[in-house]
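Given the structure is predicted, the values throughout are model-derived calculations rather than measurements. The figures that follow rest on heavy atoms only: side chains count, while hydrogens, waters and symmetry mates do not. Indexing begins at 1, ligand by ligand and atom by atom, following the structure's order.
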Amino acid sequence: MGRIGIFGGTFNPPHRGHISVAKQAIYLLELDKLLLIPASVPPHKTLPENSPSTLQRLELVQLAFGDIDRTEISDLELRRQGHSYTADTVEELHRMYPEDELFLIMGTDMFTSFMKWYQPERICRYVTLAVFMREDKDSHSAGEMQKLAEEIRQKLGGKVELVGNDILPMSSTDVRRMTAFGGAQEILPENVYRRICDLNLYGVREDYRGLPMDELERQVVSLLDPKRVPHVLGCRDMAVRLAERYGVDLTDAARAGLLHDITKAVPPQLQVTLCQAHHVPTEEYAHENPKTLHAFTGALVARKIFGENEAVTRAIFSHTTGCGDMDTLQKIIYIADYVEMNRDFDGVEELRAMAFENLDKAMLMGLHMTVDLLIQQGRVVSQNSLNAIATLENSNFVTA
Ligand code: ATP
């Protein structure tokens with residue numbers, strides 16, 4: 001009796017994280033064979049625009065995994081019409097390999113939703129679930145994974161193996177963003193990246209510089225985490241209102257508002273990778289405080305990828321921490337981010353009103369609120385925020 005791994009996925013595109021899982025699965029699960037099965041129409045997602053055709057995706061999978069010993073690429077799901085269910089796939093594979101033990105490989109994200117999959121009990125009849133950790137934080141929830149494994153054992157009679165793998169935190173969604181931002185070559189196998197360039201997939205050769213406003217908005221919305229879109233559009237609207245109030249260029253305000261969180265959805269580790277891809281050293285503070293890193297990489301992407309001017313780039317750079325000697329647009333973006341209409345916290349209405357009355361006073365209120373909170377939480381306060389407070393306290397207030 002042999003041991004066969006089944007590794008299915010959208011692979012849109014296949015990345016180093018997938019390859020690491022495949023290699024570790026062969027080794028840790030002592031597999032005789034690993035079947036790579038690209039999905040055609042995944043039941044749980046629709047493919048984003050700019051995605052490759054089915055055949056192109058299959059080609060990328062062949063490039064990514066083709067050199068790994070004991071792997072075999074299967075077009076079993078791609079040949080199937082309509083929705084493609086794992087339950088059908090594993091049943092078919094059991095028919096093909098009746099004597100062998102089958103392992104269904106998945107990341108923790110898939111495992112946590114397993115009970116909601118189509119006919120999970122039918123899946124458990126044919127395979128052992130082999131679960132790979134995806135993120136460092138997964139290790140904190142090891143207890144939850146154990147609990148879920150126990151539930152699957154008891155309710156479905158399923159077999160679950162939680163694999164103690166090395167983690168490579170990245171997703172295809174990250175790769176698609178990194179492709180637009182000029183950093184995907186760092187997280188893709190070289191041949192996959194080259195083919196993506198040849199086929200011009202995921203906007204890799206797209207020129208994002210100088211986009212008209214409506215097109216800029218469309219692109220930004222497609223690159224953000226969907227949950228963040230209302231905030232970003234709210235920040236843009238508030239920035240434009242404040243720019244009108246204080247006589248600042250409305251276009252710059254709108255563009256900076258739209259782009260201020262452009263890299264926020266990219267995990268901090270990959271934001272560092274993005275800086276390396278652009279040969280830009282990351283600041284020490286940003287390393288220690290991953291939550292502010294997106295202001296740094298957002299400014300980088302705004303300038304290098306979207307071709308934005310100095311004023312817009314500066315405003316994005318300082319939108320999280322502030323900095324010394326801020327110009328009016330910088331202050332507007334800092335405050336717009338704080339008080340846009342979707343924000344809801346104690347004191348927001350007062351701060352919003354102050355933003356239109358006296359921008360510098362509003363800045364000081366916002367900065368002090370943030371610094372106080374960081375101190376309360378025992379976190380590091382950025383020197384940039386302290387510089388912002390110092391210069392504002394020593395200057396004449398900007399009023400309308
Ligand atoms: P997307 O971002 O488009 O959702 P993805 O990176 O999750 O894509 P899929 O093709 O959907 O990639 O994933 C196929 C399988 O590989 C899933 O079971 C998923 O959990 C797992 N997987 C993907 N990336 C990793 C990773 N970095 N570490 C461990 N497992 C992973």
Q: Please could you name the atoms of ligand 1 that M106 approaches to less than 4.0 Å, counting only its heavy atoms?
A: 18 (O)
Q) Can you list the ligand 1 atoms lying under 4.0 Å from a non-hydrogen atom of S172? A) 1 (P), 2 (O), 3 (O), 5 (P), 6 (O), 8 (O), 12 (O)
Q. So H94 and Y126, would you call those rings parallel, tilted or perpendicular, with 30° and 60° as cut-offs?
A. tilted
Q | T173 and ligand 1 - part of the residue with a heavy-atom distance under 4.0 Å | A | both
Q.
Run the salt bridge (Lys or Arg N to Asp or Glu O under 4.0 Å) test on D32 and R70 for me, step by step, so that the C-alpha distance in whole Å, both residues' side-chain angles and the decisive distance to 0.1 Å come before the verdict.
A. CA-CA 7 Å; D32 299 294; R70 289 190 240 174; 5.4 Å; no
Q.
If I take atom CG from residue L162 and atom CD from residue Q146, how far apart are they, to the nearest 0.5 angstrom?
A. 5.0 Å
**Q.** Salt-bridge criterion met for E190 and R194 (N-O under 4.0 Å)
**A.** yes
Q.
Salt bridge check, E357 against K361: does any charged N sit closer than 4.0 Å to a carboxylate O?
A. no
Q. What atoms of ligand 1 come within less than 4.0 Å of a heavy atom belonging to D109?
A. 19 (C), 20 (O)
**Q.** Where ligand 1 meets M110 - atom numbers and elements under 4.0 angstrom, heavy-atom basis
**A.** 17 (C), 18 (O), 20 (O)
Q) Which is it for D88 and R122 under the salt bridge (Lys or Arg N to Asp or Glu O under 4.0 Å) test, yes or no, and what are the steps along the way? A) CA-CA 9 Å; D88 299 330; R122 206 170 126 225; 2.9 Å; yes
Q.
Applying ring-ring contact (aromatic ring centres under 6.0 Å, His included) to Y208 and F181, what does each step give before you reach the verdict?
A. CA-CA 10 Å; Y208 293 93; F181 299 157; 8.1 Å; no
Q | Proximity flag R16 to ligand 1, non-hydrogen atoms under 4.0 Å | A | no
Q: Provide the number and element of each atom of ligand 1 under 4.0 Å from a heavy atom of F11.
A: 10 (O)
Q) What are the atoms of ligand 1, with element, lying closer than 4.0 Å to any heavy atom of G9? A) 10 (O), 14 (C)
Q) Taking only heavy atoms of G17, which atoms of ligand 1 are found under 4.0 Å from at least one of them? A) 27 (N)
Q.
Between D100 and R3 (salt bridge meaning N to carboxylate O under 4.0 Å), is one present in this structure?
A. no
Q. N12 to ligand 1: N or O pair under 3.5 Å?
A. no
Q) Passes ring-ring contact (aromatic ring centres under 6.0 Å, His included), F11 versus F65? Steps please. A) CA-CA 11 Å; F11 301 118; F65 299 99; 5.6 Å; yes
Q) What part of H18, side chain, backbone, both or neither, has a heavy atom within less than 4.0 angstrom of ligand 1? A) side chain
Q.
Distance under 4.0 Å to a non-hydrogen atom of G8: what atoms of ligand 1 satisfy this?
A. 14 (C), 15 (C)
(Q) With a cutoff of 4.0 Å, is F7 in contact with ligand 1, counting heavy atoms of the residue only? (A) yes
Q: Record the part of V21 in heavy-atom contact with ligand 1 below 4.0 Å; permitted values are side chain, backbone, both and neither.
A: side chain
